[in-house]
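Reckoned from all heavy atoms, side chains included, excluding hydrogens, waters and symmetry mates.
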Amino acid sequence: MKNETMTKTYQVWQNAWRDDPDTRVSLELPDSWDVTLHAVEADSRPPLTRAEIARRMDDPTGMPTIRELAEQGREAVIVFDDLSRGTPVRVPAELAVEALMAGGIGPEHIRFLCALGNHAPLTRADFVRKLGENLVERFPVYNHNPYEHLVKVGVDSAGADVLINREFMACDVRVGIGSVSPHPLNGFGGGGKLLFPGIAGIGTTYSNHSRREFLPFSPQPCGLRREIEAMTDMVRPFFKIDAILNSRLEIVELCAGDPCGEYYRAVEFSQALNTMPASSEKKDVVFVNANAKYNEALIAVRIGAMDLKPGGDLVLINHCPMGQVVHYLYSAFGSDYGGRCWTPWEKRAKSGIGRIIYYTPYPDPISKYSLNEPEKVFFAKTWEEVMALLSGHGPGTSASIIPDGTISCFR
């Protein structure tokens, strides 16, 4: 019999928006456990170089290049995703600015717009994390406001007004930078989702999301995706750049061009690069890391639960010092009330998870209430506390490790 004190060490990335891009968390597990590491193909790919990213942006799907659009335009906006997404925006953004200026648009006619959706606004320091100091110093960067300064561009399938950011509509050259990865509601994120809900009015998002026409982790368009595409058609031309990321938050593939055409190309890449083979048997313990979408860790819990035996323990690894994102539709704003889509936790859908061991040095009660089953959550600030909670699992315990459950899914 193996000595229970012998361990094997695994590492997962926790480098989202940190100064040290090599930040990792070590997981020391008993050598007597049967551990499966769910690797994804993206992690074996080298990151794209700046030149490779530029070549993909200069060969767009279904529409002219950014430079060609700029030659016919006067005012330009570059929309980018917020800190709830792991997209490393700086290099594509710098290249987009170069293309705009090469096409004749001066720097005084270029601005950036953060696609917050219904999340809390970012600070200057946050903008620097996404864009880099050079761009933030040179160009105005605005937060989207989902409540004000909106323009009606049509009506949706339910007859509700489609409202979008006024600054975006004031520009005739519109560029967006985001990423594509598996999504538990929308199939795959990306494409026009950067606009709807990214820079939409909150009423538009409520109309779209409250109908719950979802299709989890599917490349086929669900009702939500079809609605997004219809609304995106209302604001063309729109040049979209979508990255595919690895667990270290590096760009390993990239698509650009028409927000519908490039999106489905990117989905094919993400299906190949961000999916994991399913386990032959469910596990006693699942360790699931949340990094790319580190302040929307519920996504990782949903992925981890798919590999877990009923009643098993799920360990959520999430060292986000900011806690979970404020969401004006879904977050709680008091002890028994919240946004228009908020549901009291006792009425939320239940899973077969036994316990959720929330491994974070930054515990707070509100973070656990962002998960569907807060009554199952046990905070652990250190790895020793995690293993103490798992002490009932002895030799032969089956376990799995998911390197980043926020940008991956099982095939």
Side-chain angles (χ1 to χ4, degrees), residues 12-13 15-17 21 38-62 79-96 115 130 175-195 198 216-221 225 228 239-277 289-294 296 299-300 303 402-411:
V12 293
W13 295 100
N15 62 336
W17 316 123
H38 287 295
V40 293
E41 177 65 23
D43 287 346
S44 66
R45 295 286 188 96
L48 297 183
T49 64
R50 186 185 186 94
E52 289 170 330
I53 292 172
R55 283 197 292 271
R56 284 159 172 77
M57 289 173 58
D58 289 338
D59 185 25
T61 298
V79 184
F80 63 99
D81 54 17
D82 71 358
L83 293 181
S84 71
R85 301 293 181 265
T87 316
V89 171
R90 181 181 61 83
V91 170
E94 291 174 346
L95 293 169
K130 292 294 292 194
V175 178
I177 304 172
S179 54
V180 164
S181 62
H183 194 278
L185 301 181
N186 195 41
F188 283 74
K193 193 171 182 291
L194 186 70
L195 306 183
F217 310 117
S218 172
Q220 302 302 316
R225 171 58 62 176
I228 288 170
F239 188 101
K240 183 63 192 298
I241 300 162
D242 271 319
I244 289 87
L245 311 179
N246 63 17
S247 299
R248 192 173 175 172
L249 305 187
E250 298 167 323
I251 298 174
V252 295
E253 193 49 83
L254 183 139
C255 296
D258 175 81
C260 188
E262 68 80 22
Y263 166 75
Y264 286 103
R265 285 191 64 220
V267 166
E268 290 180 4
F269 281 119
S270 188
Q271 281 185 286
L273 299 176
N274 297 133
T275 59
M276 309 168 288
N289 190 41
N291 187 33
K293 302 175 185 177
Y294 69 162
E296 287 195 323
I299 297 172
I303 292 292
I402 300 173
D404 194 339
T406 65
I407 56 168
S408 63
C409 69
F410 292 103
R411 299 191 189 114

If you measure from OG1 on Thr275 to CZ on Phe410, what distance do you get to the nearest 0.5 Å? 10.5 Å
Non-hydrogen atoms of Pro277 and Ala39 that approach each other most closely: CD-O, 4.4 Å
So do the side chains of Ser247 and Asp43 get within less than 4.5 Å of each other, counting heavy atoms only? yes
Nearest 0.5 Å please: distance from the OG1 atom of Thr406 over to the CG atom of Asn289. 8.0 Å
Answer yes or no: is there a side-chain heavy-atom contact under 4.5 Å between Met276 and Ile303? yes
Heavy-atom pair of closest approach, residues Leu273 and Val40: O-CB, 3.5 Å
For Gly257 against Pro60, the heavy-atom pair lying closest together: CA-CB, 3.7 Å
Partners meeting side chain to side chain contact (heavy atoms under 4.5 Å, CB included) with Arg248 (sequence neighbours left out): Trp13, Asn15, Asp22, Asn246, Glu250
Do any pairs count as a side chain to side chain donor-acceptor pair (under 3.5 Å) and have a residue in residues 181-191, sequence neighbours left out, and if so which ones? Ser181-Lys293
Sequence neighbours left out, what passes salt bridge (charged side-chain N to carboxylate O under 4.0 Å, His left out) with Asp258? Give chain and number order. Arg236
Here the pair of heavy atoms bringing Phe188 nearest to Pro182 is CD2-N, 3.6 Å
Are side-chain heavy atoms of Val91 and Leu95 found at a separation under 4.5 Å? yes
Let me see the working for Thr87 and Phe80 under side-chain contact (heavy atoms from CB on, under 4.5 Å), right down to the final yes or no. CA-CA 9 Å; Thr87 316; Phe80 63 99; over 6 Å; no
Can you find a heavy atom in the side chain of Val175 that is under 4.5 Å from one in the side chain of Ile241? yes
Between Asn291 and Asp404 (side chain of the first, backbone of the second, donor and acceptor by atom type, cut-off under 3.5 Å), is there such a pair? no
How many angstroms lie between CZ in Arg45 and CZ in Phe269, if you round to the nearest 0.5 Å? 8.0 Å
Derivation and outcome, side-chain contact (heavy atoms from CB on, under 4.5 Å), residues Leu245 and Val252: CA-CA 6 Å; Leu245 311 179; Val252 295; over 6 Å; no
Could you walk me through whether Ile251 and Ile244 pass the side-chain contact (heavy atoms from CB on, under 4.5 Å) test, one step at a time? CA-CA 6 Å; Ile251 298 174; Ile244 289 87; over 6 Å; no
Less than 3.5 Å apart, any donor N or O on the side chain of Ser270 or Asn274 sitting next to an acceptor on the other? yes
Please check: side-chain N/O of Ser218 versus main-chain N/O of Gln220, any donor-acceptor pairing under 3.5 Å? yes
Side-chain donor or acceptor of Arg56 paired with backbone N/O of Glu52 under 3.5 Å: yes
Between Arg50 and Pro92 (side chain of the first, backbone of the second, donor and acceptor by atom type, cut-off under 3.5 Å), is there such a pair? no
Met57 and Ala256: which non-hydrogen atoms are nearest, and at how many Å? CA-CB, 4.1 Å
With sequence neighbours left out, the residues meeting salt bridge (charged side-chain N to carboxylate O under 4.0 Å, His left out) with Glu268 are none
Atom of Pro221, atom of Tyr264 and distance for their closest heavy-atom approach: CB-OH, 3.5 Å
NZ or CZ of Arg85 within 45° of Tyr294 ring axis and under 6.0 Å: no
Quick one: does Gln271's side chain get under 4.5 Å of Phe217's, heavy atoms only? no
Residue set satisfying salt bridge (charged side-chain N to carboxylate O under 4.0 Å, His left out) with Asp81, at least two apart, ordered chain then number -> Lys130
Here the gap from Cys409 atom SG to Ile407 atom CD1, rounded to the nearest 0.5 Å, amounts to 11.0 Å
Can you tell me how far CZ of Arg55 sits from CG of Leu48, rounded to the nearest 0.5 angstrom? 9.5 Å
Partners of Asp242 by salt bridge (charged side-chain N to carboxylate O under 4.0 Å, His left out), sequence neighbours excluded? Lys240
